[in-house]
2 protein chains.
Amino acid sequence: MFSIGEVSRRTGVKVPTIRYYEQMGLMAPSERSEGNQRRYGRGDVERLTFIRHARDLGFEIDRIRELLALSQHPEAPCEGADRIAGAHLTEVRQKIEQLKRLEAELERIVSHCGGHTVEDCYVIRALSDHGLCEHEH
Amino acid sequence: MFSIGEVSRRTGVKVPTIRYYEQMGLMAPSERSEGNQRRYGRGDVERLTFIRHARDLGFEIDRIRELLALSQHPEAPCEGADRIAGAHLTEVRQKIEQLKRLEAELERIVSHCGGHTVEDCYVIRALSDHGLCEHEH
DNA sequence: GATAATTCCTCTAGCGGCTAGAGGTTCAAG
DNA sequence: CTTGAACCTCTAGCCGCTAGAGGAATTATC
């Protein structure tokens with residue numbers, strides 16, 4: 001049996017975050033010591049590793065709840081998991097595209113700033129005057 | 001003089017958001033009608049356009065406050081604005097890199113999922129078993 | 001000029017995913 | 001048995017809004 005601190009060390013998930021996941025229903029309420037402290041087993045550590053891994057990949061808490069539920073049914077078809085991961089991948093790609101547009105716009109603004117005073121500064125002028133934008137945003 | 005709704009229509013910033021910006025100190029408290037409703041002038045519309053523009057480019061509220069302060073001093077050197085925009089550009093690029101790593105990892109996981117049941121599902125297995133990861137995350 | 005529809009006001013609370021801190025209890029080492 | 005670290009619960013804060021309650025002002029229609 002591991003204390004919450006021990007589990008935190010093993011999984012890399014911070015102590016308050018573990019408690020937060022319990023509140024959010026990702027982790028079932030653990031057993032408790034006589035003095036009411038949380039005590040975890042191997043299964044809990046695995047589950048938390050799963051969660052951490054999914055969070056690192058950017059899955060939302062709700063999606064992780066679904067993925068966890070799916071992982072409990074080894075015999076079920078895995079379309080669900082595929083769909084969730086696929087949808088997430090699509091979102092990630094969209095975010096990348098959006099950030100790239102932002103990057104291009106910022107690049108253009110920063111590189112054009114040749115002036116030495118705010119009056120001539122392209123950064124400030126671009127922000128003031130929408131006409132200087134390349135794209136709609 | 002424009003009502004808050006009129007200003008909202010002109011700038012594309014939602015009414016509650018305008019009030020929020022006032023609270024955050026981006027917009028000075030406006031004049032009021034006899035019945036205590038906000039009344040804005042041209043200058044306010046321009047300032048709000050600046051803010052919206054900066055938000056669209058992903059600048060944080062605090063940075064926008066700084067940019068607004070700089071824009072009030074046309075004779076000042078524009079290093080400040082340059083530095084803020086440059087730092088932001090760097091952040092955007094870092095986020096893109098991070099999302100690309102995520103994309104690669106997700107791509108790999110999704111495309112490997114050939115099984116028909118959760119038991120064989122690469123999505124689920126990859127989340128359970130860190131050993132299946134390409135990179136540390 | 002009355003009425004109705006729309007817009008406006010303030011205030012409070014909620015979103016996601018934690019993180020920080022207060023104030024108190026339990027545990028493990030020496 | 002004492003100390004100090006780790007634990008407990010509870011509340012509040014972060015960011016940038018957004019939503020809703022409950023009420024007042026304004027505008028449009030008759």
Side-chain angles (χ1 to χ4, degrees), chain A residues 1-27 29-40 44 47-48 50-68 84 87-88 91-92 95 98-99 102 137, chain B residues 1-27 29-40 44 48 50-68 87-88 91-92 95 98-99 102 137:
Chain A
M1 285 305 206
F2 314 116
S3 71
I4 196 168
E6 183 62 32
V7 171
S8 172
R9 250 164 273 130
R10 279 167 191 258
T11 59
V13 179
K14 287 180 189 165
V15 169
T17 306
I18 298 174
R19 288 195 278 249
Y20 171 72
Y21 287 159
E22 183 183 315
Q23 248 185 268
M24 292 300 100
L26 293 189
M27 297 292 290
S30 68
E31 291 180 43
R32 298 286 181 131
S33 72
E34 289 197 3
N36 197 35
Q37 299 196 353
R38 289 170 180 81
R39 291 292 177 261
Y40 296 98
D44 297 312
R47 192 177 173 94
L48 197 50
F50 183 106
I51 295 169
R52 166 140 161 74
H53 207 154
R55 281 298 300 140
D56 283 347
L57 287 169
F59 287 99
E60 295 170 7
I61 300 284
D62 282 356
R63 295 298 83 70
I64 297 177
R65 222 192 313 268
E66 294 173 24
L67 288 169
L68 281 165
I84 292 170
H88 183 47
E91 276 172 35
V92 168
K95 262 187 205 153
Q98 211 218 316
L99 283 175
L102 231 69
H137 38 221
Chain B
M1 284 304 199
F2 314 116
S3 70
I4 196 168
E6 183 61 32
V7 171
S8 172
R9 251 165 272 129
R10 279 165 190 259
T11 59
V13 179
K14 288 181 189 165
V15 169
T17 305
I18 298 174
R19 289 196 277 249
Y20 171 72
Y21 288 159
E22 183 184 315
Q23 249 185 267
M24 292 301 100
L26 293 189
M27 297 293 288
S30 67
E31 292 180 41
R32 297 288 180 128
S33 71
E34 289 197 2
N36 197 35
Q37 300 196 353
R38 289 172 180 80
R39 291 292 176 260
Y40 296 98
D44 296 313
L48 197 50
F50 184 106
I51 294 169
R52 166 141 160 75
H53 207 153
R55 282 296 302 140
D56 283 347
L57 287 169
F59 287 99
E60 294 170 6
I61 300 285
D62 283 356
R63 295 297 84 69
I64 297 176
R65 223 193 312 269
E66 294 172 25
L67 288 169
L68 280 165
H88 183 47
E91 276 172 34
V92 168
K95 261 186 206 155
Q98 210 217 319
L99 281 175
L102 230 70
H137 41 220

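Proteins get letters first, then strands, A, B, ... in listed order; numbering begins at 1 in each.
- Contact of the R55(A) side chain with the V13(A) side chain is not registered, since no non-hydrogen atoms from C-beta on lie closer than 4.5 Å.
- Rounded to an integer number of Å, the gap from L26(B) CG to dC15(D) C1' is 13 Å.
- A salt bridge links E66(A) with R63(A): the distance from a Lys NZ or Arg NE/NH1/NH2 to an Asp or Glu carboxylate oxygen falls below 4.0 Å.
- Once rounded to the nearest 0.5 Å, the distance linking CD1 of I4(A) with OG1 of T17(A) reads 9.5 Å.
- Ion pairing between a basic and an acidic side chain is recognised when a charged N comes within 4.0 Å of a carboxylate O; R65(A) and D62(A) show such pairing.
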Sugar-phosphate means primed atoms, P, OP1 and OP2; the rest is base. With that split, encode nucleotides 5-15 of chain C 5' to 3' as B, S or - using protein heavy atoms under 4.0 Å. ---SSB-----
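- Between S33(A) and dC27(C) there is a side-chain N or O to OP1 or OP2 distance below 4.0 Å.
- In this structure, NZ of K14(A) is placed 18 Å from C1' of dC7(D), rounded to the nearest angstrom.
- Atom CE of M27(A) and atom P of dC18(C) are 14 Å apart (whole Å).
- Exactly one residue among E6(B), E31(B), E22(B) makes a salt bridge (Lys or Arg N to Asp or Glu O under 4.0 Å) with R38(B). That residue is E22(B).
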As a quick check of understanding, evaluate side-chain contact (heavy atoms from CB on, under 4.5 Å) for R39(B) and S3(B), giving each step before the final call. CA-CA 5 Å; R39(B) 291 292 176 260; S3(B) 70; 3.7 Å; yes
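- Distances shown here put every side-chain N or O of Y21(B) at or beyond 4.0 Å from the OP1 or OP2 atom of dG16(D).
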Take K95(A) and K95(B) through the side-chain contact (heavy atoms from CB on, under 4.5 Å) test and state the conclusion after the steps. CA-CA 10 Å; K95(A) 262 187 205 153; K95(B) 261 186 206 155; over 6 Å; no
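- Residues satisfying the ring pair (Phe, Tyr, Trp, His ring centres under 6.0 Å) test with F59(A), not counting sequence neighbours, are H88(A).
- Nucleic acid contact for F59(A): none, since no nucleic acid atom lies under 4.0 Å from a heavy atom of the residue.
- In this structure, M1(A) atom CE and dA28(C) atom P are separated by 13 Å, rounded to whole Å.
- Straight-line distance from the CZ atom of R52(A) to the P atom of dG17(C): 16 Å, rounded to whole Å.
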So what's the dot-bracket for DNA chain C: Watson-Crick or G-U pairs under 3.5 Å, [ ] if a pair crosses, | if it pairs off-strand? ||||||||||||||||||||||||||||||
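- Of the listed residues (I18(B), T11(B), I64(B), L67(B)), just one forms a side-chain contact (heavy atoms from CB on, under 4.5 Å) with I51(B), and that residue is I64(B).
- Distance, I64(A) CD1 to dG17(C) C1': 10 Å, rounded to whole Å.
- Taking atom CE of residue M24(A) and atom P of nucleotide dC18(C), one finds them 10 Å apart after rounding to whole Å.
- Atom CD1 of I18(A) is separated from atom P of dT9(D) by 13 Å (rounded to the nearest Å).
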